[in-house]
> 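Sharing a structure below in structure tokens format, with a few things to ask.
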Amino acid sequence: MNKKDVAHLLEEIGTLLELKNENPFKVRAYHNAARIINGLIENLEELVANGQLRSIKGIGEGLAEKITEFVRTGRLPYYEELKKSLPPGLEEMLAIPGLGPKRIKALYDTLDISMIGELEYACHENRLLDLEGFGIKMQENILKGIEQVRRHSEKHLFPTALEAAESLLSEISRLKGVIRSGIGGSLRRRKEVIGDIDILVSARPAEAPAIIEAFASHPDVEHVTAKGETKSSVHLKSGINADLRVINDKEYPFALHYFTGSKEHNIAMRSLAKKRGIKMNEYGLFREPSDKLIPCADEEGIFRLLGMSYIPPELREDMGEIDAAIAGRLPELVENNDLRGTFHCHTKYSDGVNTVGQMAAAARVLSWEYLGIADHSQSAAYANGLDAARVKTQWKEIDAFNGTSKGFRVFKGTETDILPDGTLDFPDKVLSGFDYVVISVHSKFKISEADMTKRIIKALKNKYATMVGHLTGRLLLSREPYPVDVQAVIDAAADYGKMIEINAHPLRLDLDWRWCRYAKEKGILLPINPDAHNTDGLRDTWYGVGTARKGWLEKKDVLNTFTAAQVEKRFESIHQ
DNA sequence: GCCGTTTTCGGCCCGACTGTTTTCAGTCG
């Protein structure tokens, strides 16, 4: 039983209660608790065993009791009863834009509709028109919404969304009357997948309508879903929804903060402001009761006024950043410029397209001092994995390169398969010749969580294993992670003094940022690895830096910020 | 459901937009 299971349970209870039209504050308490448990840096099972759940802010008597029962017995009758009381299709109906719990409940109570398919059929038969609060327009929008749910996933990969947002922004920022403009939302917070794009513009009020109009009629727009005086929402041809908000320039910092979110962070911030006698919204901070605006030149000013240090957007998830900012204990997040190199890159030897020399040259362009090459091992036939003989050829080439290149070092690494039985794909005699060994699962995904966890931990125990590669094997929006007890692997890595990579490929971003803090607290060093298969791929480390920052990691927590000499020393100490 | 420098009950963030209404409820972020 780990925190992910508990968080998932609480999340679902929240949703079910929502569908039952329960007290919205009760609903929020469950969703809040899910997020809090998810972000826990302490060991949940220990907290339960010691009866310390109540000491967590947001976990009261009721939740502590339910969590304890679930952790101890693996079951929660309260949840099971709740689940049984509602038809299973209702939850997926929440995905339809414009349909919330109230309307879904009305549809279920009066028309007995409990699945998307039934709803679609009822719309075609005009059966929604008789319902109070529903009309012809709503029926049309529901059909459109069903279409949208089926056609597009609601989430988009970070690079796809970023590209679409920058395309919109570059046009909008050039419009007449635009003073400041920027991207907010989950993109600015560097989430691993993106729901929609938020663009913010400041301009004189007289210019706002033209800016809104230009946005709504942009060539990337498929259709407009809302258009008001200060705000518009559109659906892009790429399948992504985008929102634009236009405000006047003195409101820009407040709107930027508001529009960056997260929603939960905003709620907590407003609640804090209120305690300080200040009303906070997207237009400003207002001293109550006079409602007098307290001006701020930028976002930094807002935090300063509320008596806290500046919270970088990546941390704004209401996962402890507000208390830390008040106490002046925010981490100094790692930055892209702190990196001096990276590990886990592929070359022509296996499934990469560039040579060792080309990869090293590209790394130098990024002002790096070293590069780790980690081609596939012999069992990875699909990726042209290297056998021991080819490994030796590559070592010679790297030695020759290092012999002539001043001020730049190539490390000899390997991405060695973790075989189904938990042994590694090279004998120790070969492994001992590498500077470092990335161990990854590339086969036999469909085993039980217990077996997969045992398999990886056994591999990690090998004295030559340096770091775990893409721990869960997930491919965002396309392949679920294989079952593995992440917490148990982190604990084992901490025990053995090993590392866990942050695979920076934008499809992976694995280790997930939600686990980074826990790993850091356990004293684990996390390398940021691009899993590059060509020279351009090296730049993917930037995505990994986003993950590290979201995971509260500082320079000292990331192996890539070490000098080549420090890296070498660390590798040696692990393999002794 | 949770919480408390207004502390065991009565609050709980705040505003824009839509579609249905004719003053507002529901949804969204």
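From a predicted model like this one, the values you see are computed outputs, not experimental measurements. Per chain, numbering begins at 1; letters A, B, ... match sequence-line order.
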> Would you classify P101(A) as touching base, sugar-phosphate or nothing, given that sugar-phosphate means primed atoms plus P, OP1 and OP2, and contacts are heavy atoms under 4.0 Å?
sugar-phosphate
> Rounded to the nearest Å, what distance is computed from the CG atom of residue L244(A) to the C1' atom of nucleotide dG29(B)?
15 Å
> Please measure how far the C1' atom in dT6(B) lies from the corresponding atom in dG11(B), and state the result in whole Å.
11 Å
> Rounded to whole Å, please give me the gap between NE2 in H257(A) and C1' in dG29(B).
14 Å
> Do the side-chain N and O atoms of R35(A) and N38(A) include a donor-acceptor pair separated by under 3.5 angstrom?
no
> Write down the distance between CD1 (I104(A)) and C1' (dG26(B)), rounded to a whole number of angstrom.
12 Å
> Does I136(A) reach a base, just sugar-phosphate, or nothing at all? Heavy atoms under 4.0 Å.
sugar-phosphate
> For K137(A) and dT20(B), give me the distance from atom NZ to atom C1', rounded to whole Å.
12 Å
> Picking from dT27(B), dG1(B), dG19(B), which would you name as closest to the side chain of N141(A)?
dG19(B)
> Determine the interatomic distance between P on dC12(B) and the same-named atom on dG19(B); round to the nearest Å.
30 Å
> Would you kindly give the CZ-to-C1' distance between F134(A) and dA25(B), to the nearest whole Å?
12 Å
> Suppose you measure atom C1' in dC13(B) against the same atom in dC3(B); what distance do you get, rounded to whole Å?
16 Å
> Considering only atom C1', compute the distance from dT7(B) to dC2(B) and round it to an integer number of Å.
13 Å
> Please assess R514(A) against E192(A) for the test salt bridge (charged side-chain N to carboxylate O under 4.0 Å, His left out), listing each intermediate value before the final yes or no.
CA-CA 11 Å; R514(A) 295 164 189 81; E192(A) 69 276 27; 2.9 Å; yes
> Ignoring hydrogens and geometry beyond distance, is a side-chain donor-acceptor pair present between H265(A) and D318(A) at under 3.5 Å?
no
> Given side-chain contact (heavy atoms from CB on, under 4.5 Å), test F259(A) with I199(A) step by step and report yes or no.
CA-CA 8 Å; F259(A) 233 14; I199(A) 292 178; over 6 Å; no
> For dT8(B), which nucleotide in any strand shown is its Watson-Crick or wobble partner with both distances under 3.5 Å?
none
> Could you tell me how far apart I59(A) (CD1) and dG1(B) (P) are, to the nearest whole angstrom?
12 Å
> Does the protein touch nucleotides 4-16 of chain B at the base, only the backbone, or not at all? Give it as B, S and - per nucleotide, heavy atoms under 4.0 Å.
--------BBBSS
> Go through dT18(B), dG29(B), dG1(B) for me and flag the one nearest to the D198(A) side chain.
dG29(B)
> What is the nucleic acid contact for K66(A), judged by heavy atoms within less than 4.0 Å: base, sugar-phosphate only, or nothing?
sugar-phosphate
> For S202(A), does its backbone N or O pair with a side-chain atom of D249(A) as donor and acceptor, under 3.5 Å?
no
> Verify whether one side chain among K191(A) and S262(A) offers a donor that lies under 3.5 Å from an acceptor in the other.
no
> Could you tell me whether R190(A) sits above the aromatic face of W542(A), with NZ or CZ closer than 6.0 angstrom to the six-membered ring centre and within 45 degrees of the axis?
yes
> Which comes earlier along DNA chain B counting from the 5' end, the contact point of Y30(A) or that of L94(A), where each point is its nearest nucleotide?
Y30(A)
> When the C1' atoms of dT8(B) and dA16(B) are considered, how many whole Å apart are they?
37 Å
> May I have the distance from H31(A) (atom NE2) to dC2(B) (atom C1'), rounded to whole angstrom?
15 Å
> Expressed as a whole number of Å, how far does the C1' atom of dT18(B) sit from that of dT22(B)?
15 Å
> Relative to the ring of F303(A), is the ring of Y310(A) parallel (under 30°), tilted (30 to 60°) or perpendicular (over 60°)?
perpendicular
> Could you tell me how far apart I96(A) (CD1) and dT27(B) (C1') are, to the nearest whole angstrom?
14 Å
> Determine the interatomic distance between C1' on dT21(B) and the same-named atom on dC17(B); round to the nearest Å.
15 Å
> Go nucleotide by nucleotide along DNA chain B from the 5' end; which of Q139(A) and N241(A) gets its closest nucleotide reached first?
Q139(A)
